[in-house]
Amino acid sequence: MAHEDQYDFKTIERKWQEIWERENVYSVPNRCDKPNYYVLEMFPYPSGALHMGHIRNYAIGDVVARIKTMKGFNVLHPMGWDAFGLPAENAAIQRGIHPAVWTKNNIAKMRDQQKRLGTSYDWEREVTTCNPDYYKWTEWMFLLMYKRGLAYKKTAPVNWCPTCQTVLANEQVSEGVCWRCGKDVIKKDLEQWFFRTTAYADRLLDDLKLLQGWPERVRIMQEHWIGKSVGADVTFTLPGHKEGITVFTTRPDTLYGVSFMVLAPEHPLVAELIKGSEREQEVLDFVEKCRRESAIVRTAADTEKEGLPLGVYCINPLNGEQVPIWVANYVLMDYGTGAVMGVPAHDQRDFEFARKYNLPIRVVISPPEMELRSEDMTEAYAEPGVLVNSGPFNGLANEEAQAKISAYLQEKGWGQPTVTYRLRDWLVSRQRYWGAPIPIIYCPECGTVPVPEEDLPVLLPENVTFDPGVISPLAHVPEFVNTTCPKCGRPARRETDTMDTFICSSWYFFRYTDPRNDQEPFSKDAASAWMPVDQYIGGVEHAVMHLLYSRFFTKVLHDAGLVEAVEPFTNLLTQGMVIKDGTKMSKSKGNVVDPEEIFAKYGADTARLFILFAAPPDKDLEWSDRGVEGSWRFLNRVWRLVRGHMDVFAAVADTKTPLARAERDLRRKVHSTILKVSEDVEERFNFNTAIAAIMELVNEIYHYVDNVAPKKQNQAIIKEAIENLLLLLSPFAPHITDELWQQTGHQGSIHLENWPKWDEAALVAEELTIVVQVDGRVRDRLVVPADSSKEQVEELALTSPRVQPQLDGKQVAKVITVPGKLINIVTREQV
RNA sequence: GCGGAUGUGGCGGAACUGGCAGACGCGCUAGACUUAGGAUCUAGUGGAUAACAUCCUUGAGGGUUCGAGUCCCUCCGUCCGCACCA
């Protein structure tokens, strides 16, 4: 490859990265005379190297940050490391490297890659969650939760990932498998710490409507995850027992249609009710079988419903009827009360179950204008209707009956209106080493005692053996475990579980506002200066987990009076995946493109430009080596254009002589490009079309310099065009533009310049192209002076030689004119 | 099953409130410059056709309109999320 006319990206990119760093170009104060703007990309887990998804994420964020800076904002654009987590521990186990060392090395490598991408981060604000000066405050957050009654410990059947050797929160299990390793998750009874996210369920749901700057689908996913349903608890009495069986139902209007009761296999009443009966063993075997089934099988909708009668009855409080009690696999212990009333006529699952086991089906909601007979039904009737077979409530519309029956139940003490959520409390304990310690001490005398704030941080011991099991590696370190009780001073034991790393990432965006504060996690003033984040950018895979936890944290911090913000992220951009050959890049598919290769072959500017040009940020991006080549060619084209016209930069504009046509056209292109790019980047982050417009501008400048005789070329106009070109291109390709800016005699970095403004006067078109249609089909195009009147244009259109033949033998019915654009001549057959 | 997104040349993708479909880039074809070209430049490039005339063309089929990629209805495909939530 002949290199003599290609630009030397290696030298140029290194040069400018050094200058930016030396001159602190991207350092930002918390307050100054400019308005603040906070743009944030999700910080990475330091896995070892950046992949294309990272590069895309940071390229998008960097363009936003640079444009906002040029537009006069004081822009906070920080970066950091979500540095606690399992891979570090696994590396330690497999390769004998300490997690801290492994993590530190990875961070050094990835930070270097980010710098080579040319990102405009304020590195003075870098945070690393595994450093004690950060996790001290993560522990502090735990204590805050504890103080506010939002952290508690309980024994519960929890999700256990045998591969990762730790428990998982509900959000971290998808379709029965672990979010990290993809292996089956099983249920285990363990005593664990939880955060009371359910206490915020309503606010997390309601405030979704404040998030108009979020993609709708993310809001819907969160709404679904929270899963609010409004209904009633109803207690069926159990003869011979003090307590009855309470069920949750969204359909109290169907209570007269109950023909059986179903308990979840895990329901504590099951064992109690069958004790000593002849079916005891049979039922216990069934329960055991259900428990052994994996979560995937258990929750799949097409799993065959199975159940057994207990031979025991409860009483429907409304009509006093005896209702047989069953146990069945389709009832879940961890939703509602773990017991369900069976109304086969009006619930599809109950219907299937009743048909299978020949349980009675009684219609209590009648559809309008027809009679529903249970023996004819092929599926449950879940639509609205009128109550029948329902005693005093007969004849009521079912929506009305819901309220009436709920009220009646409450009045009689048989139940009350209830709201149930799908959202569970957040299980935050992890039986692993590489995480923030839970700052709790267990004292034989005083019980559970939080570590006093002044004793934070609880430091992770360095000498540990990694021997994963049900107990955290920390439990094997006596120096760590054995301590004294902060209350009574007697020997006590530390909690040895660490915190879910999602806790670290639930508040890091606050820490960036005040990263070196050693008195508090951040000052309220610093947080108020920046929060909420104006633009957050990251992958949609965090739609529920990270984004929901961060919202929860922000609300708790708000309630504690520590921050003003009630939501952390005003606008959210979920970038698309980087794919190749139609599928996501992954090592197993062997379709990975390493950013290092692209940096080495074409440089960061080319990589950035390609990634931003090939697709809009929220869509998937198909990687194309040819496309990268095209971006590389374009930058060289810009390079040659500028280098070929170095002499124009001394030119002084001649404001006296009117411009000729070619110059007016070029100026119009320059200013319409400024307008187009400004709109594209501002409104929808349409970087791909913005870059396309810049490419058109380059083509047009070439067209001018190639077609106007050198002596006649207007140097001031070329200068104006090239300067604006460089300014518009600078957020996308920061190195080459800074270099050319300097070479063309400008003082200071181009990245400190203002965003260009378009000149309205230059935009005014001199001529317009009017499309002429006959009956909606294009027949001619007329180029007319911009000030032509409607009549003049219509006359031209009707007499056009290309239009005339189309009007032969027809009458003009009407003429529709869209001013400045189009004329449509509508005809009818001659009578 | 429910919810969401999406479907446009050989490819990635444009087309704001209904108004020239295919911007820009890739690829391809021809030419120029060259010892050479995988550099660069110029021209062309949705399909049919001998045609600068004509017709067809935005997943399929209907509809509204002077005019539909865009609005409405009925389907189909692909991707994603949730999935026995009582």
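Here is the naming used below: chain letters follow the sequence lines, and residue numbers restart at 1 for every chain.
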Expressed in whole Å, how much space separates the [atom1] atoms belonging to [N] and [M]?
N: B/U65; M: B/A51; atom1: C1'; value: 34 Å
N: B/A68; M: B/G62; atom1: P; value: 14 Å
N: B/C16; M: B/U70; atom1: P; value: 12 Å
N: B/U78; M: B/U29; atom1: C1'; value: 34 Å

- Item | side chain to side chain contact (heavy atoms under 4.5 Å, CB included) against A/A690, all qualifying residues, sequence neighbours excluded |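 Partners of A/A690 under the side chain to side chain contact (heavy atoms under 4.5 Å, CB included) test: A/V677, A/D680, A/V681, A/F732.
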
Which residues pass the ring-ring contact (aromatic ring centres under 6.0 Å, His included) test with [X], sequence neighbours left out?
X: A/Y256; value: none
X: A/F9; value: A/W632
X: A/F260; value: A/F353
X: A/W225; value: none

Shortest side-chain distance from [X], nucleotide among [options]:
X: A/M695; options: B/C82, B/G81, B/G25; result: B/G25
X: A/R777; options: B/C82, B/C55, B/U42; result: B/C55
X: A/R349; options: B/A86, B/C82, B/C56; result: B/A86

With a non-hydrogen cut-off below 4.0 angstrom, is [X] in contact with a base, only sugar-phosphate, or nothing?
X: A/R217; result: sugar-phosphate
X: A/D350; result: nothing
X: A/Q222; result: nothing
X: A/R637; result: sugar-phosphate
X: A/S624; result: nothing
X: A/R219; result: nothing

- Task: Produce a footprint string for nucleotides 10-16 of chain B: one letter per nucleotide, 5' end first; B if the base is under 4.0 Å from any protein heavy atom, S if only the sugar-phosphate is, - if neither.
- Result: --BSS-B

- Message: With side chain to side chain donor-acceptor pair (under 3.5 Å) as the criterion, how do A/N636 and A/Q6 come out once you've worked through the C-alpha distance, each side chain's angles and the decisive distance to 0.1 Å?
- Response: CA-CA 6 Å; A/N636 276 297; A/Q6 293 182 342; 5.3 Å; no

Could you pull out the protein-nucleic contacts involving nucleotides 62-66 of chain B (nitrogen or oxygen on both sides, under 3.5 Å)?
from	atom 1	to	atom 2	distance (Å)
B/C66	O2'	A/N824	ND2	3.3
B/C66	O2	A/N824	ND2	2.5

- Query: Are A/D347 and A/R251 side-chain neighbours, meaning at least one heavy-atom pair lies under 4.5 Å?
  - Reply: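 No. Closest side-chain heavy atoms not under 4.5 Å.
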
- Treating a pair as Watson-Crick (purine N1 to pyrimidine N3 plus N6-O4 or O6-N4) or G-U wobble (N1-O2 and O6-N3) with both distances under 3.5 Å, list the stems of 3 or more consecutive pairs that involve RNA chain B.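 Detected stem regions: B:1-7 with B:76-82, B:10-12 with B:24-26, B:27-32 with B:40-45, B:46-48 with B:54-56, B:59-63 with B:71-75.
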
Please name all residues satisfying side chain to side chain donor-acceptor pair (under 3.5 Å) with [X], sequence neighbours left out, ordered by chain then number.
X: A/E700; answer: none
X: A/Q773; answer: none
X: A/T246; answer: A/T235

- For B/G9, does the O4'-C1'-N9-C4 (purine) or O4'-C1'-N1-C2 (pyrimidine) torsion place it in syn, i.e. within 90° of 0, or in anti?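 It is syn.
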
- With sequence neighbours excluded, give me every salt bridge (Lys or Arg N to Asp or Glu O under 4.0 Å) pair touching residues 212-225 of chain A.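 Counting only pairs at least two positions apart or across chains, no salt bridge (Lys or Arg N to Asp or Glu O under 4.0 Å) contact touches residues 212-225 of chain A.
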
- Message: Looking at A/K10, I'd like to know if its NZ atom is crowded, meaning that more than 12 non-hydrogen atoms belonging to other residues, nucleotides or ligands lie closer than 6.0 Å.
- Response: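 No - once you tally the heavy atoms of other residues, nucleotides and ligands closer than 6.0 Å, there are 12 at most.
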
